[in-house]
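Only a predicted model underlies this, so the values are computations on that prediction, with no experimental measurement involved.
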Amino acid sequence: MVLPIKLLFVPATVFVSALIILSYFTSVPYLSYSDLPYYGSYFSRIPKCDIFQGEWVPDADTPPHYTNETCSYIQEHQNCMKYGRPDLEFLRWRWQPSRCDLPRFDADKFFRLVGNKTLAFAGDSLARNHMQSLLCLLSKVASPEELTERTDPIKIMHYERYNFTVKIIWSPFLVRTEEPDNNSGVFKLYLDEPDGRWLSGVAGFDYVILSGANWFTRQSMFYERGQLVGGSFVALNITSNLTLRYSHRMAFRTALRAINEHGSVKAKVIVRTLSPMSHFEGGSWDKGGDCRRTQPYRSNETTMGDLDLDFYTGQVEEFREAEKAAAVAGVDMVLMDTTGAMLLRPDGHPSRYGHWPEEKRVLANDCIHWCLPGPVDAWNDMLLQIMSD
């Protein structure tokens with residue numbers, strides 16, 4: 001049964017809030033893509049080939065695996081073909097690692113690997129974007145049945161022919177969170193308490209993909225041991241120098257420790273690094289900023305700095321520490337370092353092509369999520385490679 005699109009997604013208001021990114025990037029030292037810190041030497045397992053270091057190369061002769069007409073799992077806001085994106089150049093590139101080849105996604109091979117197994121995504125709307133790409137890539141071979149109610153924030157899809165289950169768990173902060181009340185817009189983040197929704201939801205799963213970053217730019221107050229310790233973009237009645245960089249790092253630390261200490265999480269845990277938040281040009285997200293480029297950057301043509309770099313560094317450093325404990329706990333924890341590749345793809349976002357121009361909708365240009373089909377499909381090329389290892 002093909003799953004109706006609307007059942008997979010949260011309301012448009014969540015989409016709007018997902019675009020709330022810091023509207024400033026201060027002048028700090030920047031790193032070029034080629035200068036990004038390489039953490040492979042810290043890993044206990046050095047990969048035969050680093051599939052995360054490379055370039056986007058022209059691939060005009062290979063059509064995309066799917067289109068908006070062949071896949072019913074594309075969220076409207078990322079349906080760039082449907083809503084009239086005039087150029088399709090962004091589809092004519094493939095990710096080429098520096099020292100090896102990364103095969104294109106093979107749905108038959110994927111199903112052979114995951115037969116009688118389970119896979120869970122835990123995170124925010126970028127995790128959902130990733131999952132939707134996977135569903136579209138698999139739709140050439142099979143379509144799932146949804147096992148959850150349309151109002152359930154956790155979605156479960158099951159491929160009966162392969163006895164393969166995919167779950168998506170909404171947890172944008174990865175830690176226990178109290179939603180804003182009275183229209184305050186302020187989240188309460190309990191930075192030392194993992195979000196039980198995803199932690200209990202992944203128990204017993206074979207593969208878990210954990211990610212998150214964007215939501216930490218929202219107004220929030222930080223709690224540890226039940227006490228208020230800081231906040232971001234809010235007035236506090238305490239003295240604190242803790243910032244959103246702290247809340248993001250501590251949330252990742254808590255989430256990774258929880259996996260290692262839970263006992264029933266014996267999955268292959270794939271920690272995906274952030275998707276860049278800095279592709280807005282000509283203004284911030286709420287000041288007319290847009291992403292109108294039609295080709296990727298070369299690796300020597302752009303830089304990553306400030307918040308993206310701080311979040312990325314925090315994620316990788318926390319992963320490095322957690323990996324040591326994972327080896328003792330019997331958890332197979334690996335890093336899916338997609339940040340460098342996606343930094344080079346400012347051309348792959350929906351921008352204004354997530355709705356019809358004449359629609360009266362208050363939506364900012366989307367330079368956060370990814371068009372489907374689009375560069376995000378490379379995440380599943382990488383995922384299949386990781387799962388095959």
**Prompt:** Taking only residues at least two apart or on different chains, which pairs with a member in residues 322-352 satisfy ring pair (Phe, Tyr, Trp, His ring centres under 6.0 Å)?
**Reply:** His279-His349, His349-Trp370
**Message:** Strictly by disulfide bond (SG atoms under 2.5 Å apart), give each pair with a member in residues 164-228 just once, sequence neighbours left out.
**Reply:** none
For residues 224-231, which side-chain donor-acceptor pairs fall under 3.5 Å, sequence neighbours excluded?
from, atom 1, to, atom 2, distance (Å)
Glu224, OE1, Tyr246, OH, 3.2
Glu224, OE2, Tyr246, OH, 2.6

**Item:** Partner residues of Pro180 under the side chain to side chain contact (heavy atoms under 4.5 Å, CB included) criterion, sequence neighbours left out
**Value:** Ser184, Phe187
**Prompt:** What ring pair (Phe, Tyr, Trp, His ring centres under 6.0 Å) pairs are there with at least one residue in residues 189-209, not counting sequence neighbours?
**Reply:** Tyr190-Tyr223
**Asked** Got a sec, which pairs hit ring pair (Phe, Tyr, Trp, His ring centres under 6.0 Å) with one end in residues 109-143, sequence neighbours left out?
**Response** Phe105-Phe110, Phe110-Phe164, Phe111-Tyr159, Phe111-Tyr162, Phe121-His130, His130-Trp379
**Fill in**
Applied to residues 175-273, the disulfide bond (SG atoms under 2.5 Å apart) test, sequence neighbours excluded, yields none
**Residues that Glu261 engages under salt bridge (charged side-chain N to carboxylate O under 4.0 Å, His left out), provided they are two or more places apart** = none
**Request:** Enumerate the residue pairs fulfilling disulfide bond (SG atoms under 2.5 Å apart) with a member in residues 223-302, sequence neighbours excluded, ordered by first and then second residue.
**Result:** Cys291-Cys367
**Prompt:** By side chain to side chain donor-acceptor pair (under 3.5 Å), which residues pair with Thr338, not counting sequence neighbours?
**Reply:** none
**Item:** Summary of disulfide bond (SG atoms under 2.5 Å apart) pairs that have at least one residue in residues 226-260, sequence neighbours excluded
**Value:** none
**Partners meeting ring pair (Phe, Tyr, Trp, His ring centres under 6.0 Å) with Phe216 (sequence neighbours left out)** = Phe173, His248
